[in-house]
Amino acid sequence: MFGKETLKAYRAGIYLRLSKEDGDKIESNSVQTQRALIHSYIKKQNDIQLVSEKIDDGFSGVTFDRPAFQELLEEIKQGVVNCVIVKDLSRFGRNYIEAGKYIEQIFPFLGVRFIAINDNIDTAKENGYTNSMIVPFKNLLNDAYSRDISIKVRSQLEMRQKRGDFVGAFPVYGYIRDEENKHKLKIDETAAEIVRNIFAMRMDGYNNLYIADYLNRLGVPSPMEYKTLKEEGFFTSFKLNPKAKWSPMAVDRILKNELYTGNMIQGKETTLNYKTKKRMGKSKKDWIRVENTHDAIIPKEDFAIAQQMMLNDTRTSPQRDSLYLLSGMLRCGGCGSGMVRKIVKARGTTYTYYICAKNKEDKKECSSHRIREDAVLEAVSVLLQKHKAIFNQLNGESIAWKYASNELEIQKISEQISCKKEELQKYQALKNYIYEDYKDGTLTKTEYQNMKAYYEKICTETEQCMHCLKLEKENLENENFKKKSHRIEAQAREFSVELRRSALVLMIEKIIVLDGKKIKMVLRYQDEFFINSEG
C-alpha cells in the first residue's frame, strides 16, 4: 500500500484504551495486557520502531474525543508517528462510522500505517483485510456491542432510580450516604440545620440575596466548601477562590429541591445517545420521582408554601431585605391579578393601600378594588381569632413560632463561636509554624511571605465572622428572651395581628379583594370565609 516506504523503519505509536462503560473485561483488556501483547509483536518486526505510547484509561470507545488519542493525532501531524498499533479494533474505537473514517480515509491520506494485531489487520500488507468486508463488519459489531452495553447500563440505572435508590455521585447538601447502604440517604444534621434556617428565612420574607449575605457574614461554609471540608474528594473547575461563598443561586437551588421533603427526584438529565456525553435536560413530567425514600428535612407542607411564595412574591424595595407582611398574598376579585402596594401622603398622614395591578391610569383594564392595608390586617386578625381551632389543628404554635425561640438560637450561635475560635487558634498556630520553618531554612523568604499572607487573611476573615456571631448573640440576649417568649405565646394563642409573615403564609393561601371593600380569605387547611372590611 505504501510502495517503497515499506522498506523503511516505521515510527510506531501504540495506543491503549480501557473503559468499564464499554463492558471491558479488565483481566483480558487491561493496559498491562495490551502493552505486553503489542511490545511482543513489535520485537518480531524488522521495519517498526516504538517512539510513542498513548493511554486512555477510563474513556469510552464510542467517541474519538479522548485526550491521549488526540495527542497521538498531533504527533502524526508533526511527523513523529507514521504507524498506529492497537491490540484490536475494539481498543481503537467502538464507533462504526468514525473508526472506518480513520482507517479508510484519514490514516491513508496522512500516510499512516494502521495495525490491529488480534484482528490480523495491517494496512501496509496486501492481505491485511483492509479492502475486504471484514474491517467494516468488525467495526459494526464493536459499535453494536457498545450500543447494547449502553442500553443495559441505562436500563439498570433507571430500574435503580425507580426503586428509589440514590445513584448520584454526591448527596445533595444536607444529606450523606448511609454507611450500611450507599444507595440510601440519611440526614447530615450540621448541614440540615442550615437548610431549615434557609427555608425559615425565606418564609419570613427575606430574599435569596439577603440570605446568602447573612450566611456569608456568619462564616457558614457554602455547599461546595462544605464538601471540601468533609473531605469527600469533591473537585470542580468552578471553584476559583480559596473559599467558595454562598450565592443567591445556591440558596435558590436549595429552596427548589424537593428532595428535602423525603422524595427522591432523579433522572433530570440524559444524553441524546450512547455516542455523545453532552447532557440535556428532561421534561419535568419525565423525571423519576419516588416518595418517602428517606427522612425529610423540610415538611412537605412547608416546602409547598415556600414554592408558592417564590411564585407569588413581588420584588423587595431597595431599602428593604424582606417583603411586606401581605406581599404576594392579595388577589383582585375582578380579574385575578395581583394587588399593588401604594403609599399616599396627605395632610401630614401616610396612607398605605392596595389596588389592582391592571388599574392603570393609561389603560384601566379593571376597577381599582382599592383597600387599605390596615383594614386587611385587622380583618386577618379577626378571622384568626375566630378560628383558633384551625391553628390548633395545624399545631400552629410549634410551626409558626418555632423560629422565635431565642434560647435555641443563642445555643447554636455559641457553638458556632466555639468552632470559629478553634479555627482561629489552628491558623494562628500554623502561622507560627511556618515562621519556624523559615528560620530553619525549610521555606524560602518568598514562600514564607506568601503562606504568611494567606494565613493572616484566613485569620482576619475568621475574626470578622466571630464578631458578627457575637453581635447576633448579644442582640438575642438583649431582647429579654423570657419576657418576649411569654408575649409571643400569648399572641399566638390569641392570633394577634402582630403575627410574623412566616406564620401568616402558613395559615393563609390567598386573600381575594372584592368590590365593596370586602375580602375573601382562603385558608390552607380550612374552608373559605367572608369578612367585611370597612376603612
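As the structure is a prediction and not an experimental result, all values here were calculated from the model.
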Novice: Would you name the heavy atoms of Val195 and Ile297 that are closest together and state the gap between them?
Specialist: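 Result for this residue pair: CG1-CG2, 4.1 Å.
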Novice: With sequence neighbours left out, write down each residue that passes salt bridge (charged side-chain N to carboxylate O under 4.0 Å, His left out) with Glu456, or none if nothing qualifies.
Specialist: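 Salt bridge (charged side-chain N to carboxylate O under 4.0 Å, His left out) list for Glu456, sorted by chain: Lys452.
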Novice: Can you check whether Gly219's main-chain N or O pairs, donor with acceptor, with Lys420's side chain at less than 3.5 Å?
Specialist: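 Side chain of Lys420 to backbone of Gly219: a pair is present.
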Novice: Which heavy atom of Cys335 sits nearest a heavy atom of Lys358, and at what distance?
Specialist: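 Distance-wise, the nearest heavy atoms are SG-CD, 4.0 Å.
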Novice: Is there a donor-acceptor contact under 3.5 Å linking the side chains of Asn359 and His369?
Specialist: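 The criterion, which ignores hydrogens and geometry beyond distance, is not satisfied for His369 and Asn359.
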Novice: Scan residues 249-265 for pairs that pass salt bridge (charged side-chain N to carboxylate O under 4.0 Å, His left out), counting only residues two or more places apart or in two chains.
Specialist: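 Non-adjacent pairs meeting salt bridge (charged side-chain N to carboxylate O under 4.0 Å, His left out): Asp252-Lys256, Glu258-Arg289.
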Novice: Excluding sequence neighbours, so at least two apart, what forms salt bridge (charged side-chain N to carboxylate O under 4.0 Å, His left out) with Arg370?
Specialist: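 Salt bridge (charged side-chain N to carboxylate O under 4.0 Å, His left out) list for Arg370, sorted by chain: empty.
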Novice: With the side chain counted from C-beta on, respond yes when Val251 and Pro248 share a heavy-atom pair under 4.5 Å apart, and no when they do not.
Specialist: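 Heavy-atom side-chain distance check fails, nothing below 4.5 Å.
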Novice: Rounded to the nearest 0.5 Å, how far apart are CG of Asn263 and NE2 of His294?
Specialist: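 Here the interatomic distance stands at 7.0 Å.
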Novice: Tell me if a side-chain donor or acceptor on Gln307 pairs with a main-chain N or O of Leu255 at a distance below 3.5 Å.
Specialist: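 Yes, Gln307 side chain to Leu255 backbone: donor-acceptor pair under 3.5 Å.
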Novice: Listed by chain and number, what are the side-chain hydrogen bond (donor to acceptor under 3.5 Å, both in side chains) partners of His183, not counting sequence neighbours?
Specialist: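 Arg160.
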Novice: Please name all residues satisfying side chain to side chain contact (heavy atoms under 4.5 Å, CB included) with Gln464, sequence neighbours left out, ordered by chain then number.
Specialist: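 With neighbours one apart ignored, the set is Thr460.
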Novice: Quick check: do Cys465 and Arg217 have side-chain heavy atoms less than 4.5 Å from each other?
Specialist: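 Cys465 vs Arg217: side chains apart.
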Novice: Using the side-chain hydrogen bond (donor to acceptor under 3.5 Å, both in side chains) criterion, which residues pair with Asp56? Sequence neighbours excluded.
Specialist: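 So Asp56 forms a side-chain hydrogen bond (donor to acceptor under 3.5 Å, both in side chains) with Tyr15.
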Novice: So, do Asp374 and Thr352 sit near enough that their side-chain heavy atoms are less than 4.5 Å apart?
Specialist: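 No, every pair of side-chain atoms sits at 4.5 Å or beyond.
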Novice: Do Val290 and Thr293 have side chains that get closer than 4.5 Å, going by heavy atoms?
Specialist: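 Yes, at least one pair of side-chain atoms sits under 4.5 Å.
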Novice: With sequence neighbours left out, what residues match Met201 under side chain to side chain contact (heavy atoms under 4.5 Å, CB included)?
Specialist: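 Counting only residues at least two positions away or on another chain, Met201 forms a side chain to side chain contact (heavy atoms under 4.5 Å, CB included) with Tyr206, Tyr210, Ile211, Tyr214.
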Novice: Show me, pair by pair, the donor-acceptor contacts under 3.5 angstrom made by side chains of residues 185-192, not counting sequence neighbours?
Specialist:
| from | atom 1 | to | atom 2 | distance (Å) |
| --- | --- | --- | --- | --- |
| Lys186 | NZ | Glu179 | OE1 | 2.7 |
| Lys186 | NZ | Glu179 | OE2 | 3.1 |
| Asp188 | OD1 | Thr190 | N | 3.4 |
| Asp188 | OD1 | Tyr226 | OH | 3.3 |
| Asp188 | OD2 | Tyr226 | OH | 2.7 |
| Glu189 | OE1 | Arg196 | NH1 | 3.4 |

Novice: In sequence, state the C-alpha distance, the side-chain angles, and the governing distance for Leu514 and Ile519, and then conclude on side chain to side chain contact (heavy atoms under 4.5 Å, CB included).
Specialist: CA-CA 6 Å; Leu514 307 172; Ile519 63 173; over 6 Å; no
Novice: With rounding to the nearest 0.5 angstrom, report the CD1 to CH2 distance, Ile265 to Trp287.
Specialist: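 So the CD1 of Ile265 and the CH2 of Trp287 are separated by 7.5 Å.
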Novice: Any idea which heavy atoms bring Gly333 and Ile512 closest together, and the distance?
Specialist: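 Of all heavy-atom pairs spanning Gly333 and Ile512, the closest is CA-CG2, 3.5 Å.
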Novice: What are the two closest heavy atoms between Lys227 and Pro171, and how far apart are they?
Specialist: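 Looks like NZ-O, 3.9 Å.
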Novice: Sequence neighbours left out, what passes side-chain hydrogen bond (donor to acceptor under 3.5 Å, both in side chains) with Ser337? Give chain and number order.
Specialist: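 With neighbours one apart ignored, the set is empty.
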Novice: For Asn216 versus Trp246, what's the shortest heavy-atom pair and its separation?
Specialist: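 Taking every non-hydrogen atom into account, OD1-N, 2.9 Å.
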Novice: Just checking, is any N or O donor in the side chain of Arg202 or Asn207 under 3.5 Å from an acceptor N or O on the other one?
Specialist: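 Short answer, no.
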Novice: Could you tell me which residues satisfy salt bridge (charged side-chain N to carboxylate O under 4.0 Å, His left out) with Asp165, sequence neighbours excluded, listed by chain and number?
Specialist: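 Partners of Asp165 by the salt bridge (charged side-chain N to carboxylate O under 4.0 Å, His left out) criterion, ordered by chain and then number, come out as Arg163, Lys184.
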Novice: Test your reading of the model: is there a side-chain donor-acceptor pair from Thr349 to the backbone of Lys345, 3.5 Å cut-off?
Specialist: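 Flag not set: sc Thr349 to bb Lys345 has no pair under 3.5 Å.
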Novice: Kindly compute the distance separating CD1 (Ile417) from CD1 (Ile413), expressed to the nearest 0.5 Å.
Specialist: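 Reported value, rounded in 0.5 Å steps: 7.0 Å.
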Novice: So which heavy atom on Phe199 is nearest to which on Tyr260, and how close?
Specialist: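 Reported closest heavy-atom pair: CE1-CD1, 4.5 Å.
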Novice: Less than 4.5 Å apart, side chain to side chain, heavy atoms only: is that true for Met339 and Arg331?
Specialist: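 Counting from C-beta outward, Met339 and Arg331 never come under 4.5 Å.
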Novice: Hey, are the side chains of Lys342 and Val340 touching, using non-hydrogen atoms and a 4.5 Å cut-off?
Specialist: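 When only atoms from C-beta onward are counted, Val340 and Lys342 do touch, with a gap below 4.5 Å.
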Novice: Hey, does Tyr175 have a side-chain heavy atom less than 4.5 Å from the side chain of Phe166?
Specialist: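 Phe166 does not reach Tyr175 side chain to side chain.
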Novice: Could you list the residues that satisfy salt bridge (charged side-chain N to carboxylate O under 4.0 Å, His left out) with Lys470, not counting sequence neighbours?
Specialist: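 None.
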Novice: Tell me every residue that passes ring pair (Phe, Tyr, Trp, His ring centres under 6.0 Å) with Tyr353, counting only those two or more places apart in sequence or in another chain.
Specialist: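 By the ring pair (Phe, Tyr, Trp, His ring centres under 6.0 Å) rule, Tyr353 matches no residue at all.
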Novice: With a 4.5 Å cut-off on side-chain heavy atoms, are Ile434 and Tyr438 touching?
Specialist: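 When only atoms from C-beta onward are counted, Ile434 and Tyr438 do not touch, as no gap falls below 4.5 Å.
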Novice: Rounded at 0.5 Å granularity, tell me how far CD in Gln425 sits from SG in Cys459.
Specialist: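 Here the interatomic distance stands at 10.5 Å.
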